[in-house]
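The structure appears below as structure tokens.
Worth saying up front: this structure is predicted, and the values here are computed from it rather than measured.
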Amino acid sequence: MRSRTGRSVGIAVAVVGLLIGPLTLEQASAAEGINFVSRCLYSHSAPDDPIVFPSQPGASHLHDFFANRSTNASSTYASLRRAGTTCRIEGDTAAYWTPALYDSGKLVRPTHTVVYYRPGAKDYRSVQAFPAGLKVVAKDANVRATWSCNGSGAQGRPQTETPACPDGTHLVLHHRFPDCWDGRRLDAPDHTSHLMFARRQACPSTHPRPVPAISVNVHYPSDGGDVALGTPDTPVAAHADFFNAWHQPTLERLVRACINAGRHCGQNPPGV
């Protein structure tokens, strides 16, 4: 059945770019295997959004929160840094959240999210960690949202339509975030335009700072079908939020040790 989500779902940087040049297509393809991965359990749900509706509890549609245990409408970088995490990597105290999912009108709690940190279609040696306190909403043209089934018997690539998952599998919603930062703003009035996707294996001149390409993959105990996001009656389009409250030295070290080193670190990166 069709988804009801409302749609198918620095100078130093410039010098580095001149020295290393753009990626070839073969290099860009190989870079997909370079990563580190943060697996985080579901934490809680609330009608809050500290990026879009800061200090306004209850002003948003329902969201599911992952990683940082304290995320609410009043969250700040300082408050998030003081809190614990549901992630395997203890240094990942960032906040990730997505609209709640309803299946045939019934609320479905997710089990966990798997967050991939990759170089994206850019030279992996040029990627730098997100700055501390960065906020971004991946939405509209700045999100690439797809669905898939995961588990034994799952087949096929992620797709824009919600699949009906076969027995023994479950539903996954994938959100890919933009991976080039303007190098100035930790947020923007629309919460999205300070980042954009790389083009032709490089960051555009307006957004010259290459940052990790993150993919937030949310797993649901659902077989898909007639699903809606945010609210069962007036669903919203797929989107996801990221508030960088990592232990910054840990994030920077993982970017160097895994992405810049061209390594596939997976869920067990070195030193965590």
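Shown here for Tyr42 and Thr86, the closest heavy-atom pair between the two residues is O-CG2, 4.4 Å. Closest heavy-atom contact between Ser222 and Gly224: OG-N, 3.0 Å. Listed here is the closest heavy atom pair of Pro269 and Ile89: CG-CD1, 3.9 Å. Listed here is the closest heavy atom pair of Leu173 and Thr146: CD1-O, 3.3 Å. Minimum heavy-atom separation, Pro235 to Pro232: CD-O, 4.3 Å.
Between His61 and His239, the two ring planes are perpendicular [angle over 60°; tilted spans 30° to 60°]. Taking the six-membered ring for Trp and thresholds of 30 and 60 degrees, His44 and Phe65 have nearly parallel ring planes, at less than 30 degrees apart. Classification of the His219-His112 ring pair by plane angle, with boundaries at 30° and 60°, yields parallel. Using a 30° and 60° split on the angle between ring planes, Tyr96 and Phe242 fall in the parallel class, below 30°.
Lys122 contributes a side-chain N or O that, together with a main-chain N or O of Pro119, makes up a donor-acceptor pair within less than 3.5 Å. Side-chain atoms of Asn35 never come within 3.5 Å of backbone atoms of Ile259 as a donor-acceptor pair (strictly under, hydrogens ignored). With hydrogens and angles disregarded, a donor-acceptor distance shorter than 3.5 Å links the side chain of Asp179 to the backbone of Ala198. In this structure a side-chain-to-backbone donor-acceptor pair under 3.5 Å is present from Asn72 to Ser75. For Asp226 (side chain) and Ser104 (main-chain N/O), no donor-acceptor pair under 3.5 Å exists by modelled atom type. When atom types are taken as modelled, the side chain of Asp92 and the backbone of Ala94 share a donor-acceptor pair closer than 3.5 angstrom. The backbone N or O of Val172 lies less than 3.5 Å from no partner atom in the side chain of Asn150, so there is not a single donor-acceptor pair.
Side-chain atoms of Ser215 and Asn217 include a donor-acceptor pair closer than 3.5 Å. A donor-acceptor pair shorter than 3.5 Å cannot be found between the side chains of Asn68 and Thr93.
Crowding of Gln56 atom CD: a count of heavy atoms from other residues, nucleotides or ligands under 6.0 Å exceeding 12. Within a 6.0 Å radius of CZ in Arg185, other residues, nucleotides and ligands contribute more than 12 heavy atoms.
Stacking of Arg144 on the aromatic ring of Phe197 is recorded, both the 6.0 Å distance cut-off and the 45° axial limit being met.
The CG atom of Leu229 sits 8.0 Å away from the OG1 atom of Thr98 when rounded to the nearest 0.5 Å.
With contacts defined as side-chain heavy-atom distances shorter than 4.5 Å, the pair Pro131/Arg209 does not qualify.
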